[in-house]
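Everything on this sheet refers to the single structure shown next.
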Amino acid sequence: VQLQASGGGLVQAGGSLRLSCTASGRTSKDYAVGWFRQFPGKERSFIGVVTWNGANTYYEDSMKGRFTISRDSARNTVYLQMNSLKPEDTAVYYCAAGAVPTNVAYDYDVWGQGTQVTVSS
């Protein structure tokens, strides 16, 4: 399976963006999809994850409330809705697929290419 992340861009503080992560190739439905972000010079940090069937989502505590993950299995796409964006949310955002819904980057087998999100003040 390959993942393609899209939807990043430049947005003003307080605005919203929706990122998409679309799977292609030999897509099996039985994988969790996590979202991470990476600040310059830092390790990737966990945002949240959705289970293979979309029934459950888990978030890093600091992400709850502003970020929402959803899954459209018919379209092989997972979304990350980001609201009330702040300049400190500026980062490269990645989606990743793995067998289990964890918050550990190393547990994920397949990564998308990343999409830049820039929030201006």
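Scope of the values below: all heavy atoms of this structure, side chains included, with no hydrogens, waters or symmetry mates.
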T22 vs N76, side chain to side chain donor-acceptor pair (under 3.5 Å): CA-CA, chis, key distance, verdict: CA-CA 6 Å; T22 302; N76 290 328; over 6 Å; no
Side chain to side chain contact (heavy atoms under 4.5 Å, CB included) between D72 and Y79, intermediate numbers included: CA-CA 8 Å; D72 185 342; Y79 303 99; 4.0 Å; yes
I47 vs Y93, side chain to side chain contact (heavy atoms under 4.5 Å, CB included): CA-CA, chis, key distance, verdict: CA-CA 9 Å; I47 295 172; Y93 285 70; 3.5 Å; yes
M82 and V117: CA distance, side-chain angles, deciding distance, side chain to side chain contact (heavy atoms under 4.5 Å, CB included) verdict: CA-CA 10 Å; M82 305 185 293; V117 171; 3.9 Å; yes
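In plain terms, the two heavy atoms of V104 and F36 that are nearest each other are C-CZ, 4.2 Å. Scanning both residues, I69 and T57, for their nearest heavy atoms gives O-CG2, 3.6 Å. Nearest heavy-atom pair, N83 versus S16, reported as atom, atom and distance to 0.1 Å: OD1-OG, 3.0 Å. Nearest approach of G7 to L17, heavy atoms of both residues: O-CD2, 3.8 Å. The shortest non-hydrogen separation linking C95 to V33 is CB-CG1, 4.3 Å. Closest approach of F39 to E88, counting heavy atoms only: CE2-O, 3.3 Å.
Going from atom OG1 of T90 over to atom CD of Q116 covers 7.0 Å, rounded to the nearest 0.5 Å. Here CG of L80 is found 10.5 Å from OG1 of T115. Values are rounded to the nearest 0.5 Å. Distance CD/E60 to CZ/F46: 7.0 Å, rounded to 0.5 Å. Expressed to the nearest 0.5 Å, how far CZ of R44 lies from CZ of R37 amounts to 14.0 Å. Atoms CG and OH, on L3 and Y108 in that order, are 11.5 Å from each other to the nearest 0.5 Å. The CG atom of L85 lies 6.5 Å from the CZ atom of R66; values are rounded to the nearest 0.5 Å.
Using a distance-only test at 3.5 Å, with no hydrogens or angles considered, no donor-acceptor pair links the side chain of S121 to the main chain of P87. Checking side-chain atoms of Q113 against main-chain N and O of Q4 turns up no donor-acceptor pair under 3.5 Å. Looking only at distances, no side-chain donor or acceptor of R71 sits under 3.5 Å from a matching main-chain atom of N53.
Under the 4.5 Å side-chain heavy-atom criterion for Ile, Leu, Val, Met, Phe, Trp and Tyr, V50 and W35 are members of the same hydrophobic cluster. When the side chains of ILVMFWY residues are joined at heavy-atom separations under 4.5 Å, either directly or via intervening members, L19 and W111 end up in two distinct hydrophobic clusters.
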